[in-house]
Participant: 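Encoded as structure tokens, here's the structure I'll be asking about.
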Amino acid sequence: FKPRTISGYSASVSQLYGKGFVLTGNSAEFLDPIFSSGTTFATESGALAAELIARELNGERVNWETEYSDYIHRGVDVFRSFINHWYTGDLQKILFSKLDNPDLKRQICSILAGYVWDLDNPLVVKHKRALPTLVHLVG
């Protein structure tokens with residue numbers, strides 16, 4: 001058959017939690033089939049959901065919006081920035097540039113390895129501004 005393309009791999013839902021349910025892993029957010037974001041989200045969201053459910057079952061009040069949804073979306077947002085810059089070719093420009101900065105390389109590799117919630121990494125905290133700035137710097 002004639003080759004076809006599939007676009008729009010990214011898929012998100014309008015609600016990550018509700019009475020008696022919480023979505024984890026790719027059911028909560030699916031970004032890309034190439035990066036290992038699905039593994040990261042499955043592990044992190046599953047562990048966090050289990051912790052919050054246990055707290056709730058023990059009678060503790062859980063704010064699912066701030067403790068779960070906001071947290072998961074922060075990581076998704078960081079991964080999405082890097083994935084989008086990969087597909088524009090900008091991330092490759094940064095990675096293969098002559099910019100010799102071991103700290104920067106470690107920060108990028110850390111994010112690509114799934115550490116998208118590491119607030120000690122400046123590229124996590126300022127990913128929306130940092131990536132375009134780096135692309136500009138490497139020309």
Side-chain angles (χ1 to χ4, degrees):
F1 60 87
K2 189 175 180 178
R4 294 177 262 167
T5 62
I6 300 172
S7 61
Y9 269 106
S10 179
S12 70
V13 295
S14 59
Q15 188 175 350
L16 294 181
Y17 64 93
K19 184 162 176 55
F21 79 92
V22 60
L23 299 178
T24 62
N26 281 342
S27 64
E29 182 83 30
F30 180 75
L31 288 176
D32 185 81
I34 296 171
F35 285 84
S36 62
S37 58
T39 304
T40 297
F41 295 134
T43 305
E44 187 73 15
S45 64
L48 180 57
E51 176 188 318
L52 296 176
I53 289 167
R55 284 179 39 206
E56 199 167 71
L57 290 173
N58 285 327
E60 224 180 296
R61 184 168 168 81
V62 172
N63 185 327
W64 284 93
E65 189 63 27
T66 57
E67 294 181 66
Y68 186 77
S69 187
D70 290 351
Y71 177 80
I72 295 301
H73 280 118
R74 276 193 304 274
V76 167
D77 199 32
V78 174
F79 247 133
R80 183 176 283 119
S81 286
F82 277 76
I83 289 168
N84 288 341
H85 279 82
W86 173 263
Y87 283 108
T88 64
D90 289 342
L91 188 56
Q92 293 90 323
K93 289 176 189 172
I94 296 167
L95 293 172
F96 298 115
S97 73
K98 295 188 188 291
L99 187 64
D100 187 27
N101 184 326
D103 288 335
L104 180 62
K105 289 178 183 177
R106 262 192 302 280
Q107 291 165 0
I108 292 171
C109 286
S110 174
I111 289 168
L112 296 178
Y115 294 95
V116 292
W117 291 278
D118 178 7
L119 298 180
D120 291 329
N121 183 339
L123 291 182
V124 168
V125 177
K126 298 179 181 180
H127 61 97
K128 289 182 182 178
R129 287 195 335 244
L131 288 170
T133 301
L134 287 170
V135 170
H136 179 75
L137 286 174
V138 299

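Index from 1, following the sequence. Worth knowing before you read on, the calculation uses all heavy atoms, side chains too, and leaves out hydrogens, waters and symmetry mates.
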Participant: Applying salt bridge (Lys or Arg N to Asp or Glu O under 4.0 Å), run through D103 and R106 and close with a yes or a no.
Facilitator: CA-CA 5 Å; D103 288 335; R106 262 192 302 280; 2.4 Å; yes

Participant: Do N121 and Y115 touch side chain to side chain, with heavy atoms closer than 4.5 Å?
Facilitator: no

Participant: Between T24 and A49, what is the shortest heavy-atom contact and its length?
Facilitator: CG2-CB, 3.7 Å

Participant: Supply the atom-to-atom distance W64 CH2 to Q15 CD, rounded to the nearest 0.5 angstrom.
Facilitator: 12.0 Å

Participant: Determine whether a donor-acceptor pair (N or O, by modelled atom type, separation under 3.5 Å) exists between the side chain of H85 and the backbone of S81.
Facilitator: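 Pair found, side chain donor or acceptor close to backbone of S81.
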
Participant: By the definition side-chain contact (heavy atoms from CB on, under 4.5 Å), identify the one residue from I83, D118, I111 that meets it with V78.
Facilitator: I111

Participant: Looking at side-chain heavy atoms only, is the closest gap between Y68 and L23 below 4.5 Å?
Facilitator: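 They are not in side-chain contact.
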
Participant: Can you measure from CG (N63) to CD (E56) and round to the nearest 0.5 angstrom?
Facilitator: 10.5 Å

Participant: Is a side-chain N or O of D77 found less than 3.5 angstrom from the main chain of H73, in a donor-acceptor match?
Facilitator: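 Not confirmed, D77 side chain does not pair with H73 backbone.
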
Participant: N84 versus R80: any side-chain heavy-atom pair under 4.5 Å?
Facilitator: yes

Participant: Between F82 and I108, is there a side-chain heavy-atom distance shorter than 4.5 Å?
Facilitator: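 The answer is yes, as the side chains (C-beta and beyond) meet within the 4.5 Å cut-off.
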
Participant: If every non-hydrogen atom of R55 is compared with every non-hydrogen atom of E67, which pair is closest and at what distance?
Facilitator: NH1-OE1, 2.5 Å

Participant: If I compare all heavy atoms of L119 with all of V125, which pair ends up nearest, and what's the gap?
Facilitator: O-CG2, 3.3 Å

Participant: Can you tell if the side chain of L99 reaches within under 4.5 Å of the side chain of L104, non-hydrogen atoms only?
Facilitator: yes

Participant: Look at D90 together with K93 and state whether they make a salt bridge at an N to O cut-off of under 4.0 Å.
Facilitator: yes

Participant: Does any non-hydrogen side-chain atom of V116 lie less than 4.5 Å from one of H127?
Facilitator: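 Heavy-atom side-chain distance check fails, nothing below 4.5 Å.
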
Participant: Donor-acceptor check, side chain of Q92 to backbone of W86, threshold 3.5 angstrom: yes or no?
Facilitator: yes

Participant: V62 pairs by side-chain contact (heavy atoms from CB on, under 4.5 Å) with which of L52, I53, L57?
Facilitator: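 Testing V62 for a side-chain contact (heavy atoms from CB on, under 4.5 Å) against L52, I53, L57 leaves exactly one candidate, L52.
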
Participant: Of the options Y17, W117, F41, which is the one that meets Y71 in a ring-ring contact (aromatic ring centres under 6.0 Å, His included)?
Facilitator: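 Result: among Y17, W117, F41, W117 is the only option passing the ring-ring contact (aromatic ring centres under 6.0 Å, His included) with Y71.
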
Participant: Looking at side-chain heavy atoms only, is the closest gap between V135 and I94 below 4.5 Å?
Facilitator: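 Side-chain contact under 4.5 Å: yes.
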
Participant: Check whether any side-chain heavy atom of L134 lies under 4.5 Å from a side-chain heavy atom of L123, and answer yes or no.
Facilitator: yes

